[in-house]
Amino acid sequence: TMIQFLMFSLYGMGWNTIGGYGGQVDLGKAQYVGIGAFTTSVMLIRWNVPFWVSMPIGMFFAVIWSFIIGYPLFRLKGHYFAIATIATSLVLKDIFEVWDFVGAARGLEISPIKFKPPDFLHLIFKEDIYYYYVILGFFFLGIIYVNWFRRSRLGFQLRSIKDNEDIARSLGINVHLAKIKTYAIATAFVSLVGSFHACYIKNIEPEDTMSLDISILIALMAMLGGAGSLWGPIIGASILIPLKSYLKEWLG
């Protein structure tokens, strides 16, 4: 439960940069979870590439994809933008489900037998406590970065854009570029946790990592706790994740 809490806190922190500070309701973040998870899985299974190498490569692929779709997406506003993000995520999920290289709908399985746990290089462990400390480290780095981000030039630009785009333009802010840059930052957060998710779960399928349910859950973390605040995603995750875990346990 703690590992899931920390993972979804990080997902929520990433979403909060574009959704909370920027006011752009993105409901397609699961596609970047999938890109990070499948990049790490493919590189680990096929070429034995360590997690610490495949993870930044997955982030790079995710950010490139975010630039490709972000440019046309941010021509849209409001619910049109939200619907478009859902569409892009579902289309990418459908592509992964028929792409044999990434295991298609059956996905990929990372076998711990070929490694000798504990293997910090490939992030393969038998005990969950190791995963807990790794994601805890990422969690603290995430808080430090978001705290810097909200006080940065881009952070103030986003607040202005969220309040009134026309006034932001009159002040000389490149609204479209600011949104795309923030979307890439949010994508990097989500992709990083997606790579961790692959090594932690060890069985990756498009339905589990790229479904609409995950995208909505990521957005709910920040919305429930308070979008546009540093602690919002963490508060949201601290409520939703234990509820999700323990209700499933109690009610079957």
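Here the structure is a predicted model, which is why all the values come from computation and not from measurement. We count residues from 1, following the sequence as given.
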Report task. Tell me yes or no: between the side chains of Thr88 and Gln31, is some donor less than 3.5 Å from an acceptor? Result -> yes
Should the pair Glu97-Arg106 be classified as a salt bridge under the 4.0 Å nitrogen-to-oxygen rule? no
Heavy atoms of Ile241 and Thr1 approach each other most closely as CG2-O, 3.8 Å
Contacts of Phe156 meeting ring-ring contact (aromatic ring centres under 6.0 Å, His included) (sequence neighbours excluded), chain-then-number -> none
May I ask you to check whether Phe115 and His122 place their ring centres under 6.0 Å from each other?
yes
**Message:** Over 60° means perpendicular and under 30° means parallel, so tell me whether Phe196 and Phe138 are parallel, tilted or perpendicular.
**Reply:** perpendicular
Open item on the list: More than 12 heavy atoms of other residues, nucleotides or ligands under 6.0 Å from CH2 of Trp52: yes or no?
Closed with: yes
Which label fits Tyr183 and Phe81: parallel for a plane angle under 30°, tilted from 30 to 60°, or perpendicular past 60°?
perpendicular
In short, Gly36 meets Ser195 closest at the heavy-atom pair O-OG, 3.1 Å
*asked:* Tell me if the CZ atom of Phe67 is crowded by more than 12 foreign heavy atoms within 6.0 Å.
replied: yes
Between Ala237 and Pro242, the two heavy atoms sitting closest are O-CD, 3.4 Å
CD1 of Ile57 to OG of Ser191, rounded to nearest 0.5 Å, is 11.0 Å
Problem set entry | Any donor-acceptor N or O pair under 3.5 Å, side chains Tyr130, Tyr200 | no
Heavy-atom nearest pair, Pro112 first then Pro117, reads O-CD, 4.1 Å
How are the rings of Phe139 and Phe5 set relative to one another: parallel (under 30°), tilted (30 to 60°) or perpendicular (over 60°)?
tilted
Check your understanding: Do the rings of Tyr11 and Phe8 sit parallel, tilted or perpendicular, given the 30° and 60° boundaries?
Key -> perpendicular
Aromatic Phe101 / basic Arg46 pairing, under 6.0 angstrom, 45° off normal: yes
